[in-house]
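Note that the coordinates shown come from a computational prediction; the quantities given were computed from them, not determined experimentally. Just so we're on the same page: letters track the sequence lines, and every chain starts at 1.
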Amino acid sequence: MHRMSNLFLRTLRDDPSDAEVPSHRLLVRAGYIRRSAPGGFSWLPLGYEVFRNVERIVREEMNAAGFQEVHFPALLPIEPYQATNRYEEYGPNLFRLQDRHGADFLLAPTHEEMFALTVKDLFSSYRDLPLVIYQIQTKFRDEVRPRAGLLRTREFSMKDSYSFDLNEAGLQASYDAHRAAYIKLFERLELPCVIVSALSGAMGGSESEEFLAPLPVGEDTFIRCTSCDFAANVEAVHTPVPEAQAFTGLPVAAVHDTPKTPTISTLVDYVNADSALRHPDRDWTAADTLKNVVVNIKHPDGTVEPLAVGIEGHREVDMKRLGAQVEPAQVEPFSEDDFKKYPSLKKGYIGPGVLGTTNESGIRYLLDPRIVDGTQWITGADNYNQHVLHLTAGRDFVGDGTIEAAEVLDGDNCPSCGSEVEIARGIEIAHIFQLGTKYAAALDLTLRDENDQPVTPTMGSYGVGVSRCLAAIAEATLDDSGLCWPREVAPADIHVIIAGKDGSPQVSAAEDLATSLEVAGLRVLLDDRSKASLGVKFKDAELIGVPTIVVVGRGIADEENPTIEVKDRRSGERQDIPHDSIVEHLVALCS
RNA sequence: CGGGGUGUAGCGCAGCUUGGUUAGCGCGCCUGCUUUGGGAGCAGGAGGCCGGGAGUUCGAAUCUCCCCACCCCGACCA
């Protein structure tokens, strides 16, 4: 039993000034966590109760799925990560350090290498597979910008599992088992989630899906179809490719003077205002223009290569999408100095005429998939103050390939069914990957197959952000008064408030009740503070967010029909329950 | 790393523009009395390197420069 009179807790009346997102504000205000380091939080007693509850539920669901728990160090030598090339690919996000002898270590961001090596250590036969092992462990990532309290920290708790199978079918089965286990897990945590297809990024591998809790504070942007069940992270959206058009009858491309039109909007205004250039039937729009954006691609080895991207003029380049396409290279802006190195690039008037590896600039030129043969564009003529109209893809220009780098807009066509998609934000609470043989091969993990031949197992990896889930649950359930936990993760089942002064019958009745509830197996938080006013106790109870609040007050003094008030935190409904049936009433509530 | 913002008591803030008493308010904290169904009242009290450093000045929380930290927005990820 936690007693408020001596609990290591301080609730705050005001929002902390350094907290912006609601879960962060309330977790600090209600005394669950404190910031103790840049991107690092300490758990206070109530917070640690909730954390352990979430962790326990994750563990129970993993065990129920037949996965086995292990535990690895976070402090690891770098060699296994060098073998898979992740030491380099992970880049500055990896915490690197040295021991007293100068040997290099890292703080693990995930553990694929170590799990593969341990399987190599223990297993030799195909008959040992399939295998799924997992751990719940502290991970370290040197995030550029920790933010939003527990949602993005540099040290965080993650459940990571790894599957080992002999073939694709086995991997698919392990993947599906995790997918199903996660769906159950998040139902139990009362955490709404959307499963979206995703890119595997630095992890490598093929198939990958994210579980997003659809909440506005989420950092991930995803799209979902308004009519079918398609959903995808914007990074993973494949643009539906329109049909190519025949060239016959299409107007000839022609260069026109378009003075002072370095931006799409000035260009559109100009061509609509010029009687010779106007569209015969309608106004030109930004979607009629072809925008060519040049960026630098910085490869992990330090080399920098320019890249031109051609997209519809009404869209921006989505840096997340572009970055995901060039992973592990990084996207950097194309500077004024860079423009000087390529005099053929006329800023504001860049067109396909100079772009592409075989044209004057020699810059690789990748097109949005919508720019198919036969589409006609208004685009830069590679001279200042000139644009070209009716420039036709496939006839007048070609790219070096296509790229998914244009921003996705509300109302774009669904890649699956063609109707409209909508854009939403979500918190990434889990991510599942089919890795294939990348790790096993790099680390020489082989088993003997039924013909005594070496076989490289295929792996999957599956992560759940445990501490992040806690924040997401808080975010999904909180209200204007405070936190509002689902019972299973709440720091207690019952929050008992004593509404009476020292020595009053309320005190002894509440003490007896708390003890009886504990004996009955319920977890109790007892507000036995004598100096706190009742108003403070009510406010604190709502802030702390235990699902059931019990007030032992004036009702107990009714000699004929003594009652105790039971209040549901979420609905606010109150009920007076007869004193002699209160324990069984509450036990029933909590089961 | 770029852009924006904020650093004053445990927490939330004012003061800074226009330099000048002993740096102020609310909450919290300590002592005493009263109070107890929605953040109590009265009385008394403690608590500050005004983020750090350098400068300007007779004098700096206030003006100048440099640094640091934190928050928000952009490029990473559970």
Base, sugar-phosphate, or nothing: which does [X] touch, judged by heavy atoms less than 4.0 Å apart?
X      : result
A:G465 : base
A:R154 : nothing
A:T153 : base
A:R147 : sugar-phosphate
A:V464 : nothing
A:E210 : nothing
A:E428 : base
A:A213 : nothing

Give the rounded distance in Å between these two atoms: [atom1] of [X] and [atom2] of [N].
X      : N     : atom1 : atom2 : result
A:Y134 : B:A78 : OH    : C1'   : 17 Å
A:L322 : B:G74 : CG    : C1'   : 14 Å
A:H431 : B:C76 : NE2   : C1'   : 13 Å
A:D527 : B:G38 : CG    : C1'   : 13 Å
A:Y90  : B:C77 : OH    : C1'   : 7 Å
A:L9   : B:G28 : CG    : C1'   : 13 Å
A:L94  : B:C76 : CG    : P     : 17 Å
A:F8   : B:G10 : CZ    : P     : 15 Å

Using ring centroids (six-membered ring only for Trp), state whether [Y] and [X] fall under 6.0 Å.
X      : Y      : answer
A:H24  : A:F41  : yes
A:Y87  : A:Y81  : no
A:H431 : A:Y462 : no
A:F211 : A:Y182 : yes
A:F115 : A:F164 : no

Gap in Å between the two [atom1] atoms, one belonging to [N] and one to [M], rounded:
N     : M     : atom1 : result
B:U17 : B:G26 : P     : 25 Å
B:C58 : B:C11 : P     : 38 Å
B:G15 : B:G20 : C1'   : 14 Å
B:G3  : B:C67 : P     : 13 Å
B:U34 : B:G24 : P     : 33 Å
B:G55 : B:G48 : P     : 27 Å
B:C25 : B:A9  : C1'   : 12 Å
B:C71 : B:U56 : C1'   : 32 Å

Check your understanding: Any luck finding a side-chain donor-acceptor pair between A:T548 and A:H495 under 3.5 Å?
Key ->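 Result is no, nothing qualifies.
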Pairing nucleotide - [N], Watson-Crick or G-U, each distance under 3.5 Å:
N     : answer
B:G59 : none
B:C42 : B:G32
B:U22 : none
B:A69 : B:U6
B:U64 : B:A54
B:C76 : none

From the set [options], return the single nucleotide nearest to any side-chain atom of [X].
X      : options             : result
A:R13  : B:C73, B:A78, B:G28 : B:G28
A:K567 : B:C76, B:C77, B:G38 : B:G38
A:R574 : B:A40, B:A78, B:G37 : B:G37
A:P16  : B:G12, B:C27, B:C71 : B:G12
A:L534 : B:C70, B:C77, B:G37 : B:G37
A:M319 : B:A75, B:A78, B:G12 : B:A75
A:P38  : B:G12, B:A78, B:C70 : B:C70
A:E219 : B:C11, B:C73, B:C76 : B:C76
A:R554 : B:G37, B:C71, B:C27 : B:G37
A:D18  : B:A78, B:C71, B:G38 : B:C71

Exercise for review: List the steps, then state whether side chain to side chain donor-acceptor pair (under 3.5 Å) holds for A:R147 with A:T153.
Suggested key: CA-CA 7 Å; A:R147 63 172 289 276; A:T153 57; over 6 Å; no
Side chain [X] and base [N] donor-acceptor under 3.5 Å:
X      : N     : answer
A:Q506 : B:G37 : no
A:R25  : B:G12 : no
A:R35  : B:C70 : no
A:D220 : B:C77 : yes

Point to revise | 5′-ward residue of the pair A:V331/A:E565 relative to RNA chain B | key: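 Nearer the 5' end of the strand: A:E565.
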Exercise for review: Could you check A:A19 against A:G463 and say which one's nearest nucleotide on RNA chain B is further toward the 5' end?
Suggested key: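 Counting from the 5' end, the first nearest nucleotide belongs to A:A19.
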Point to revise | Name of the residue among A:K159, A:E69, A:H111 meeting side-chain hydrogen bond (donor to acceptor under 3.5 Å, both in side chains) with A:Q135 | key: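 Single side-chain hydrogen bond (donor to acceptor under 3.5 Å, both in side chains) partner of A:Q135 among A:K159, A:E69, A:H111: A:H111.
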Exercise for review: Give a yes/no verdict on base stacking between B:G39 and A:F538: centres under 5.5 Å, planes within less than 30° of parallel.
Suggested key: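 No.
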Does [N] have OP1 or OP2 under 4.0 Å away from a side-chain N or O of [X]?
X      : N     : value
A:R145 : B:C72 : yes
A:S17  : B:G12 : yes
A:K501 : B:U36 : yes

Review point. Where do A:P16 and A:V28 come nearest, in terms of heavy atoms and distance?
Key: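 Scanning both residues, the minimum pair turns out to be CG-CG1, 3.7 Å.
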**Study point:** Rounded distance (nearest 0.5 Å) linking atom NZ of A:K537 with atom CD1 of A:I498
**Key:**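 Those atoms lie 5.5 Å apart.
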